[in-house]
Amino acid sequence: MVELTSEEQSYLRKLQEVSERGESVDGFIWSRLNDELSTLQGVNAHGEEIRTYTREYDLERRIYEVLARKGLLDGRAGGEANRKFFGELTSEGRRWFLDRDEAARIERENVRGGRRHDYLVALFSVVSGAIAGFIGGAAAPTLIALIRTALRM
């Protein structure tokens, strides 16, 4: 699972909502970039659009490009004027939050299991120490005699 910044997670969440509504993620991105975050100023002599862009345009476009590089968007180049298409969410992009939550749940279980083991070891040590103290205190002379006999002291 790829790591995402909180900002990238926020944009991915928006894209998942678009996908869940049955809308085109690529269409949403291009509508956002070309209709909301830029303004068409005109067309030059070669038929190319002349646009002015807001500050948010560069930031948002970079985030979409990062999501595509990380394999969460099916980014590809092509089409008119070599336009970069962002495509739809990949399966990893659609499942990223579910996978993250599952990984966190497994980690919590592992931590809990480790703590449970530590508590059991501590409890065993206390109980075995108490038993050894009781047996050793009550039967100390007998244990010493047995040890001396075994060692021929």
Residues Arg32, Glu60; criterion side chain to side chain contact (heavy atoms under 4.5 Å, CB included); working and verdict: CA-CA 9 Å; Arg32 182 93 177 110; Glu60 202 159 315; 2.8 Å; yes

The test is side chain to side chain donor-acceptor pair (under 3.5 Å); show your working for Glu88 and Ser24 and say whether it passes. CA-CA 7 Å; Glu88 300 303 311; Ser24 167; 3.1 Å; yes

Does the pair Phe86 and Glu65 meet the rule for a side chain to side chain contact (heavy atoms under 4.5 Å, CB included), with working shown? CA-CA 8 Å; Phe86 289 101; Glu65 288 171 349; 3.7 Å; yes

State whether the side chain of [X] and the backbone N or O of [Y] hold a donor-acceptor pair below 3.5 Å, judged by distance alone.
X: Ser10; Y: Ser6; result: no
X: Lys70; Y: Gly93; result: no
X: Glu23; Y: Val18; result: no
X: Thr39; Y: Thr52; result: no
X: Thr90; Y: Gly71; result: yes

Taking the side chain as everything from C-beta on, heavy atoms only, tell me whether Leu73 gets closer than 4.5 Å to Ile29.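 Yes. Closest side-chain heavy atoms under 4.5 Å.
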
Less than 4.5 Å apart, side chain to side chain, heavy atoms only: is that true for Val43 and Glu48?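 Side chain of Val43 against side chain of Glu48, heavy atoms only: no contact under 4.5 Å found.
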
Any chance CZ of Arg55 has more than 12 other-residue heavy atoms, nucleotides or ligands included, within less than 6.0 Å?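 No, CZ of Arg55 has 12 or fewer neighbouring heavy atoms, counting only those of other groups under 6.0 Å.
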
Would one find more than 12 heavy atoms of other residues, nucleotides or ligands at under 6.0 Å from atom CD of Glu109?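 Count over threshold, so yes.
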
Passing option when Tyr11 is tested against Glu8, Gln9, Glu7 for side chain to side chain contact (heavy atoms under 4.5 Å, CB included):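 Considering Glu8, Gln9, Glu7, a side chain to side chain contact (heavy atoms under 4.5 Å, CB included) with Tyr11 is found only for Glu7.
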
Below 4.0 angstrom, N of the basic side chain to O of the carboxylate: do Arg105 and Glu102 qualify?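 Yes.
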
